[in-house]
Amino acid sequence: MFRKLHDPEAEAVTVYIDGVPALAEANESAAAVLMRQGSPWARRTPVSNARRAPYCMMGVCFDCVATVDGVASVQTCLAPVHDGMRIDRQIGRRSVTP
Amino acid sequence: MPDVSEAAIDTIVIGGGLHGLSASLHLARAGRRVVVLERSWVGRHASSSSAAGVRTLNRDLAELPISLESQDMWHNIEAIVGSDCGFRAYGQVNVAEHPKHVAVLEKRLALTRAAGYTHEELIDRAELTRLIPAISSHCVAALIVRTDGAADPHLTLRAFRRSAESAGVTIHEGYGVTAIERVGSDWQVHADGRSFVAPTVVNAAGAWAGDIAAMLGDDIPLGHKASMMIVTERIAPLLKPVVSVVGRPLSFKQSDQGTLVIGGGLQGSADIQAQKSFVDFSELAKGARAATDLFPSVGPLRIVRTWAGMEGKTDDHLPVVGPSPTASGVYHAFGFSGHGFQLVPVVGAILADLIVHGGTNRCIEALSADRLMARRPAA
Amino acid sequence: MSRTADLVIVGAGPAGMAAAVTARRHQLDVLVVDEQAAPGGQIWRDVEAVSCKPQAAFLGNAYHEGLAAVGRFRASGATYEPNTKVWQVEAGPRAFLTRDGAASSVKARSMLLATGAQERPVPFPGWTLPGVMTVGAAQIMLKTSGQVPVEPVWIAANGPLALLYAAQLLKMGGRIAGFLDTTPAIDVSATIPKLAAAAFAAPGDLLKGLGWIVNLRRHVPYIRHVARIEAFGTDRLERFRYETASGVAATVDAHLLLVHEGVVPSIHPTLSLGCVHNWLGGQDCFAPALDAWGETSEAGIFVAGDGGGIGGAAVASLRGEIAGLRIAARAGRISAVEAQAAAQPIRSRLKRALTARSFLDAFYRPRASIFVPADETIACRCEEVSVASIRAQAAIGRPGPNQIKASTRAGMGPCQGRQCSYTIASVLADAEGRQVPDIGLYRVRPPLKPLTLDELASLDDVGCPT
């Protein structure tokens, strides 16, 4: 849906979105990376299982939450990426069943 | 001046919380014309801030007989108010974390058994883990009432309100009582520029019931609580029973929506006259600590909101239910001290008994206002 | 852990930074906490890092002014803690924070809330579909990631931010499929005095804005007075329909639709403190009541910047400085007379900066359907509560927002009503024949920001001294 205007060059890192590698620039937000993917969404809601994507990008709406490096319900618009970061889309209610 | 346009009223119920609604419902079904006066809106305070525990477990023996009857009513609640009120009888469990706490459970069990009650049961670690796989393995045993559970406070409020109104109760929201006078054998209640007259009055004014009692001539000492609650984000099913623990402030359950509702009586602060309450986070942290100790996997969960609900509290933590010792036609139902939700169906029935039949077979001797008034030092 | 400071500032945007610099000049012990990883706020988001990147060339002078402001802030000697969430503020003043998973509290002599603004929610049927975003969100991605929409993008908006974004986008090689101007037709004569005043006070800004519009209309399809929007799609935006006030309608295929209807103050912190708030009719929002120094009705608690009423970065910086002076006086570092004298020239600049604002407010009023959207619209994005179900509840008695919250769960989700509180208030006002200022907003329940059970439990580690 979005494309980057420049090549990150030395700042290039690889993140894994649902296990699939994706190119990113160090310290840009995970949400921005999600919005460059062929399927740009972050989660399915706990209420109706509807897909949601980042909406406000500034920490207000909570529609961009996903599981980041194993931690669920992270606001990806406030999460700077690093090399090897794992971003997993959050499907419905998160589970804490041991 | 009394409102002449109003049809004659038999009973004025002061307080549009669950106890006021339940009393009005039972009275209306007995053919009485009832008006509920609510200062702000129905369920504004304790009724909607409640954890909505439907618990007989660990009840004071003094209120256990009516609590057990209320429990039967909860299991039949749809027939009473046309809604299941979100009541789920998944059990209430009081957990012992240490072997020394098992003795506390055993003592309690011996007490209820000796009094002839058999609803509580002691379970071992294996059974506890079978019922609640998510609980920390350090927990050793628990006392359980399998037919206890919890309801949804908002669904309960809506159901009691709807039933009361369809039984003919008139609910006036935004009517705060400012003065009460005796007029002949009637009571004249002034509320926000209007006045209402009836021979009987029910005082179900929650944290403010002491003020109402005083207006009716009863000096009943009433303290207050500001019990804090935590609600988390929605999560996949984790547990069904409501869990409490010996020696620590915790009540822990999962709602139908999937949120965890964590309380346990930790106290915030309140300005009762201003109707404002405040969360004390250094205190609430103890609840979060207890929750994460008992359920280590919930630590990363996001807290969505917290609050402190205002509620009346008596010296002995038992409610006042019954006629005024001094004023005829006055009936009190308040001071539930943080455990009144489960008693809602039966207390309404008791008040209807008292008002309609002049007495009740239900066991409320220990709940009389006298016991609190008598303890006041002589002037 | 509990600490103390002369001044704790929440937010490192233009207002927070300017207040910190001023307070430091008078030797106050200043702690600045901010949710973001770097100073600058939303307007100058991540400006230090971005200034070295290719997109910096297209972001204009206003953005680069931020670099200087951040430089002054960095050199001020204020303690700066980024990546820190303030989840509770109390009278005292006291703030509760989390950083790196641990909670702590700070007791301060004064507290400045410089929490800025958020975009006004733009509810319409389908606004929750992936592919519908705010213009502000797209601009943040443009600034910090240097990214633009792949396909020609549709923008449906009202206000200067959207014009700025469109201008930046075209300059950077992005394409715009169409600009749907949702500004309602207004009585132009009523705005002329304000326009004249604005032209006098800030001629450069006004010319710049006009330049954006002229350029935009030259290069992209530009449709005026768009009154209604409806988005369609399964799992993502596939197409949307728009209709102008005069009834001209069209349905177009689109994967991305950017919307914007201005910004509103972020008032969750002051609401939770119980501060007195006023209804700002000209900006269709509430804002905390502030004295001439930015102090709220709670002693020692100040607000500066857009959180006290929308004014933009320049206004925010000036208000930050003014608050900083009063806070220095409260701390006894300067006298009241000195503070007054130092504030005088700043107030003159502030007055000029605000003149341009009142023209923008008058000209860019949001359209009516933003406030009272169609029944099928989702009002509460978190709990997925429709406008229709709010209306159904409004028909029973005369409920306020808190009763609606209890009965429908609207506002109970993680955003805590930030995306639905105005919609709920407007729908109730409409249904009950009342005014939004009489209806009010939800009571704010702490925490103000996400806080985990582990983080809260960490507050119990060593107890919390009072």
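Since we're looking at a predicted model, the values are computed, not measured. Below, chains carry the letters A, B, ... as their sequence lines are ordered, and counting in each starts from 1.
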With only heavy atoms counted, which part of C:V122 is less than 4.5 Å from chain A, the side chain, the backbone, both or neither?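 Both backbone and side chain.
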
Side chain, backbone, both or neither: which part of C:P54 has a non-hydrogen atom closer than 4.5 Å to chain A?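 It is the side chain, since no backbone atom gets that close.
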
For A:M1 and C:V153, run side chain to side chain contact (heavy atoms under 4.5 Å, CB included): C-alpha distance rounded to whole Å, both residues' side-chain angles, the deciding distance at 0.1 Å, then the answer. CA-CA 10 Å; A:M1 194 170 281; C:V153 63; over 6 Å; no

If I compare all heavy atoms of C:V259 with all of A:Y55, which pair ends up nearest, and what's the gap?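 Nearest heavy atoms, C:V259 then A:Y55: CG2-OH, 4.0 Å.
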
Heavy-atom pairs under 4.5 Å with chain C: which of A:E25, A:R3, A:E28 has the most?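 Highest number of pairs under 4.5 Å: A:R3.
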
For chain C, the option from A:S39, A:P8, A:C61 that forms the most heavy-atom pairs under 4.5 Å: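 Most heavy-atom pairs under 4.5 Å with chain C: A:C61.
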
Can you tell which part of A:L5 gets under 4.5 Å to a heavy atom of chain C, answering side chain, backbone, both or neither?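 Both backbone and side chain of A:L5 come within 4.5 Å of chain C.
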
Applying a heavy-atom distance below 4.5 Å, give me the residues of residues 46-54 of chain A that approach chain C, sorted by number.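 At a heavy-atom separation under 4.5 Å, chain C is reached by A:V47, A:S48, A:A50, A:R51, A:R52, A:A53, A:P54.
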
When only heavy atoms count and the cut-off is under 4.5 Å, which of residues 10-22 of chain A reach chain C?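 Within residues 10-22 of chain A, no residue comes under 4.5 Å from chain C.
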
May I ask you to list the residues in residues 131-143 of chain C that approach chain A closer than 4.5 angstrom, counting heavy atoms only, ordered by number?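 The list, in residue order, reads C:G131, C:V132, C:M133, C:T134, C:A137, C:A138, C:I140, C:M141.
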
So, taking the atom named CG in C:L256 and the one named CZ in A:F2, what distance separates them when rounded to the nearest 0.5 Å?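 If we round to the nearest 0.5 Å, C:L256:CG and A:F2:CZ are 4.5 Å apart.
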
List in chain and number order the residues that pass salt bridge (Lys or Arg N to Asp or Glu O under 4.0 Å) with A:R43, two or more places apart in sequence or in another chain; answer none if no residue qualifies.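 By the salt bridge (Lys or Arg N to Asp or Glu O under 4.0 Å) rule, A:R43 matches A:D63.
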
Between [options], which shows the greatest number of heavy-atom pairs under 4.5 Å with chain A?
options: C:P450, C:C382, C:P121; result: C:P450
options: C:R45, C:H268, C:H255, C:Q416; result: C:R45
options: C:R381, C:R418, C:Q419, C:Q118; result: C:R381
options: C:E151, C:E119, C:K449, C:K53; result: C:K53

Positive for side chain to side chain donor-acceptor pair (under 3.5 Å) with C:Q147, one of A:R36, A:K4, A:H6: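 Considering A:R36, A:K4, A:H6, a side chain to side chain donor-acceptor pair (under 3.5 Å) with C:Q147 is found only for A:R36.
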
